[in-house]
Amino acid sequence: MAIVVWLLLAEALYVRALRVLAGRGVRVPRGQVACWHLGLLLQAIALLSPLGSLADELLSAHMAEHLLLADLGAPLLLAGLRNPVLAFFLPRGALVAVARRRRLRAAFRTLRRPLVAIPVYVAVLYGWHLTVAFEGAVRHELVHVLQHASFIFAGIVVWWPALEPKRLRLRGELWKIGHILAARMLGMFLGMAFVLIREPIYTGVYDPVERRGVGALADQQTAGAMMVALDIAIMVFALAFFFWHAAQQHDRDEARSAAALGPTPR
């Protein structure tokens, strides 16, 4: 029930922001709105579909939850929140309250710096996959909620400097490719470990023999393969996406320079 309330509240806040902006004559691009709704849909699938119950029996289902929530859902939600929506997403009272918390804002500014965001992302990812932490999340619902929340937060932190949601237009900068590739490569080693380790890991919560007709080792390797495959797909996407934006930025800069110089004399 709490999950449904959270998803409906997030959607209501987003729709409210769109209406406020429309009343001011500001049009939000359809692609941006689509990113938000797709990200929210992935959150709903991860949390409300049969995948949630399967996660208690299969490691691969549990991993699919994390991939949908943090690796796919978080950056899509962030892209959907790009300004001007970000400035109107929270009601004015809540926005003012957050703005007054200078230490909180300073801490988040530090966290979203690339050289800080990547270590935070890696620490959260690997920390929750330690046996005691992962099995605790499977056994206790509140720990599981904390695990999901921290994965989403880590995903937002690591994608923030690349997607720059506070800007109206995404800047084309090639360093962003290296930033995303570094984060995904460091995370991919964990998926490779699941594939290469030759014995089941989380035997305290998952049957070490067979679950739903799937062997424990095969289930673990499937979970790792899913992580590796998604990491590779995201790296390819980041390479193409940010390179294209860098080319677009170069063309805009050249056009701006040409306009500043004026017409070429004959």
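Expressed to the nearest 0.5 Å, how far OG1 of Thr110 lies from CZ of Phe108 amounts to 10.5 Å. With values rounded to the nearest 0.5 angstrom, Leu18 atom CG is found 11.0 Å from Leu13 atom CG. In this structure, Cys35 SG and Leu76 CG are separated by 5.5 Å, a value rounded to the nearest 0.5 Å. We find the CD1-CE distance between Ile180 and Met185 to be 14.0 Å, quoted to the nearest 0.5 Å.
Scanning both residues, Pro200 and Leu217, for their nearest heavy atoms gives CG-N, 4.2 Å. Contact record, Ala46 with Leu51: CA-CD2, 4.3 Å, taken as the closest heavy-atom pair. The two residues Pro161 and His179 make their nearest non-hydrogen contact at CG-NE2, 3.5 Å. Here the closest non-hydrogen pair linking Phe134 and Leu59 is CZ-CD1, 3.4 Å. The two atoms that bring Gly187 and Leu125 nearest to each other are CA-CD2, 3.5 Å, heavy atoms only. Smallest separation of non-hydrogen atoms from Phe89 and Leu81: CD1-CD2, 3.6 Å.
Using a 4.5 Å cut-off on side-chain heavy atoms (C-beta onward), Arg167 and Asn83 make no contact. In this structure, Trp159 and Pro165 have side chains that are not in contact, with every pair of non-hydrogen atoms separated by 4.5 Å or more. Side-chain atoms of Leu86 and Lys166, non-hydrogen and from C-beta on, do get closer than 4.5 Å to each other. With a 4.5 Å cut-off on side-chain heavy atoms, Phe151 and Asp71 do not count as touching.
Although no hydrogens or angles enter the test, the distance criterion places a donor-acceptor pair under 3.5 Å between the side chain of Gln32 and the main chain of Gly80. Using modelled atom types, one side-chain atom of Ser53 and one backbone atom of Pro50 make a donor-acceptor pair closer than 3.5 Å.
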* Go through the steps for Trp36 and Glu11 under the test side-chain hydrogen bond (donor to acceptor under 3.5 Å, both in side chains), then give the verdict. => CA-CA 9 Å; Trp36 169 267; Glu11 178 65 10; 3.1 Å; yes
* Derivation and outcome, side-chain hydrogen bond (donor to acceptor under 3.5 Å, both in side chains), residues His144 and His148 -> CA-CA 6 Å; His144 201 183; His148 285 169; 3.1 Å; yes
* So Met63 and His129, side-chain contact (heavy atoms from CB on, under 4.5 Å) or not? Walk me through it. -> CA-CA 10 Å; Met63 198 63 68; His129 284 91; 3.7 Å; yes
* To do: Show your reasoning for whether side-chain contact (heavy atoms from CB on, under 4.5 Å) applies to Trp128 and Val143.
  => CA-CA 10 Å; Trp128 275 112; Val143 180; 3.7 Å; yes
* To do: Output, in order, the C-alpha distance, side-chain angles, deciding distance and verdict of side-chain contact (heavy atoms from CB on, under 4.5 Å) for Leu72 and Leu67.
  => CA-CA 6 Å; Leu72 294 175; Leu67 299 180; 5.6 Å; no
* Asked: Given the rule in the side-chain contact (heavy atoms from CB on, under 4.5 Å) test, do Leu111 and Trp160 qualify, once you have shown the distances and angles that lead to the verdict?
  -> CA-CA 10 Å; Leu111 283 174; Trp160 189 289; over 6 Å; no
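The six-membered or imidazole ring of His66 lies near that of His62, with a centre-to-centre distance under 6.0 Å.
Other residues, nucleotides and ligands contribute only 12 or fewer heavy atoms inside 6.0 Å of the CZ atom of Arg169. Atom CG of Leu130 has more than 12 heavy atoms from other residues, nucleotides or ligands within 6.0 Å. Leu142 CG: 12 or fewer foreign heavy atoms inside a 6.0 Å radius. Around the CZ atom of Arg139, the shell of radius 6.0 Å holds more than 12 heavy atoms that belong to other residues, nucleotides or ligands. Atom CZ of Arg19 has 12 or fewer neighbouring heavy atoms from other residues, nucleotides or ligands inside a 6.0 Å radius.
Hydrophobic clustering (side-chain heavy atoms under 4.5 Å, transitive across Ile, Leu, Val, Met, Phe, Trp, Tyr) keeps Leu47 apart from Leu58. Cluster membership for Leu68 and Val145, using ILVMFWY side-chain heavy atoms within less than 4.5 angstrom, is not shared.
Across Arg112, Lys176, Arg82, a single residue satisfies salt bridge (Lys or Arg N to Asp or Glu O under 4.0 Å) together with Glu164, and that is Lys176.
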Do any side-chain atoms of residues 225-243 form donor-acceptor pairs under 3.5 angstrom with protein atoms, and if so which ones, sequence neighbours left out?
residue	atom	partner	partner atom	Å
Asp231	OD1	Arg184	NE	2.9
Asp231	OD1	Arg184	NH2	2.6
Asp231	OD2	Met188	N	3.4

